[in-house]
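Each remark here refers to the structure printed beneath this line.
Predicted, not measured: the structure shown is a model, and the values here were computed from it.
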Amino acid sequence: KVGWYNAVLQPAFHLPYPDDTLAFVVLSTPAMFDKALKPFVNKERLKIIRDPVDQCVSHYLSRVKEKFPDQTVDVIFDYEILPSRKPKFLAQTAAHVAGAAYYYQRKDVKLDPWGGKKIYGVCIHPKYGGWFAIRGLLLFPDIQVPFLEQSAPVDCVSTEEKRTELLEQFNFHWQDGCYRDIIEVKERYSEEQKAYFATPPAERFRLLGLTQEAQ
């Protein structure tokens, strides 16, 4: 429910819907690369592609909207920002309140070793660890669900030591991706997918076989 999200944030970040409004957080799993992105790029090869992943997600979520012709469906993407430069929604907070993934933050570590350093939080999924992404929010303004019960996310990094290690890795060594394997995972990105996301955005087109003209 939108109210679960708004309840944990300052008013500046609130979503402008009644508390009982139904919302879905959309995640992409490791299989997205082969099952969604590559087929999308092959199909759209001759059209202008600015950002393959963003356009792929937009394509599939627009198809979800088409499945509900009698409903208003509002979509907010993870990359969208307001004129104030604030994000339109805080993806990790949304994932946490929806029970999708646990958002580990500095406040989850009792013996804080970082002093005055800025420490960012990170979501960990009980099945995929850090090998997933939060892509968007689907809101159904006409559907009110006062009866919906909130499910807590799975606290899969439950020891103080592991939480400290997770935030340390994510904040200071994120390039090596080790934080993604903080727990035993059932599935991770393929080597091809890792290479894609490790490549600067302007050079990713070549990896997907897209020409400079398509870019």
Checking side-chain contact (heavy atoms from CB on, under 4.5 Å) for the pair Val73/Lys67: CA distance, chi angles, key distance, verdict? CA-CA 10 Å; Val73 184; Lys67 298 287 184 191; over 6 Å; no
Can you tell me if Asp142 uses its side chain to pair, donor with acceptor, with the backbone of Gln71 under 3.5 Å? no
Fit a plane to each ring of Tyr102 and His96, take the angle between them on a 0 to 90° scale, and name the class: parallel (under 30°), tilted (30 to 60°) or perpendicular (over 60°). perpendicular
Rounded to the nearest 0.5 angstrom, the CH2-NZ distance for Trp131 and Lys194 is 4.5 Å
Smallest separation among heavy atoms of Ile76 and Lys88, with atom names: CG2-CB, 3.5 Å
Other residues, nucleotides, ligands: >12 heavy atoms within 6.0 Å of Gln150 CD: yes
Calculate, to the nearest 0.5 Å, the distance between atoms OH and OG belonging to Tyr196 and Ser190 respectively. 12.5 Å
Which pair of heavy atoms, one from Asp19 and one from Asn6, lies closest together, and at what distance? OD1-ND2, 4.4 Å
When the ring centroid of Phe68 is compared with that of Phe140, is the distance short of 6.0 Å? yes
Could you walk me through whether Glu165 and Lys162 satisfy the salt bridge (charged side-chain N to carboxylate O under 4.0 Å, His left out) test, starting with their C-alpha distance in whole Å, then the side-chain angles of each, then the deciding distance to 0.1 Å, before giving a yes or no? CA-CA 5 Å; Glu165 184 186 337; Lys162 277 288 187 189; 3.6 Å; yes
Between the CH2 atom in Trp4 and the CG atom in Asp20, the distance rounded to the nearest 0.5 Å is 9.5 Å
Does the side-chain contact (heavy atoms from CB on, under 4.5 Å) test come out yes or no for Phe197 and Arg204, once each step is laid out? CA-CA 8 Å; Phe197 286 116; Arg204 290 175 179 174; 4.2 Å; yes
Students often mix this up, so state it plainly: with edges at 30° and 60°, are the rings of His125 and Tyr128 parallel, tilted or perpendicular? tilted
If you round to the nearest 0.5 Å, how far is CD of Glu80 from CG of Asp54? 9.5 Å
Would you compute the distance between atom CZ of Phe172 and atom CH2 of Trp114 and round it to the nearest 0.5 angstrom? 7.5 Å
Is there a chain of hydrophobic side chains (I, L, V, M, F, W, Y, each step under 4.5 Å between heavy atoms) that links Tyr5 to Leu82? no
Run the numbers on Gln144 and Thr21 for side-chain contact (heavy atoms from CB on, under 4.5 Å), then give the verdict. CA-CA 5 Å; Gln144 301 296 301; Thr21 305; 3.2 Å; yes
Kindly say whether Val157 contributes a backbone atom to a donor-acceptor pair with the side chain of Tyr104 at under 3.5 angstrom? yes
Show the nearest heavy-atom pair for residues Ala94 and Val25, with the distance to one decimal. O-CG2, 3.5 Å
Find the distance between CD1 (Ile124) and CZ (Phe132) and round it off to the nearest 0.5 Å. 7.0 Å
What do you reckon, is CD of Gln175 surrounded by more than 12 foreign heavy atoms closer than 6.0 Å? yes
So, for His59 and Lys43, which heavy atoms are closest and what is the spacing to 0.1 Å? CE1-NZ, 4.2 Å
Any idea which heavy atoms bring Leu27 and Ala100 closest together, and the distance? CD1-CB, 4.1 Å
Ignoring hydrogens and geometry, is there a side-chain-to-backbone donor-acceptor pair from Asp108 to Gln105 under 3.5 Å? yes
For the residue pair Phe77 and Val75, establish whether any side-chain heavy-atom pair is separated by less than 4.5 Å. yes
Geometric class of the Phe170/Tyr179 ring pair [parallel <30°, tilted 30-60°, perpendicular >60°]: perpendicular
Within one Ile-Leu-Val-Met-Phe-Trp-Tyr cluster: Ile119 and Tyr103, side-chain cutoff 4.5 Å: no
Decide side-chain contact (heavy atoms from CB on, under 4.5 Å) for Ile134 and Cys123; before the verdict, give the C-alpha distance in whole Å, the side-chain angles of both, and the deciding distance to 0.1 Å. CA-CA 9 Å; Ile134 304 157; Cys123 272; 4.3 Å; yes
Determine, stepwise, if the pair Arg163 / Glu160 fulfils salt bridge (charged side-chain N to carboxylate O under 4.0 Å, His left out). CA-CA 5 Å; Arg163 289 178 179 188; Glu160 176 89 358; 5.8 Å; no
Apply side-chain hydrogen bond (donor to acceptor under 3.5 Å, both in side chains) to residues Asp51 and Tyr79 and explain how you reach the verdict. CA-CA 11 Å; Asp51 184 296; Tyr79 53 82; over 6 Å; no
Minimum heavy-atom distance Asn171-Trp174, with the two atoms named: O-CD1, 4.1 Å
Do the non-hydrogen side-chain atoms of Val53 and Arg135 ever get within less than 4.5 Å of each other? yes
Hydrophobic clusters here meaning ILVMFWY residues chained together by side-chain heavy-atom distances under 4.5 Å, can you tell me if Leu208 and Phe40 are in one? yes
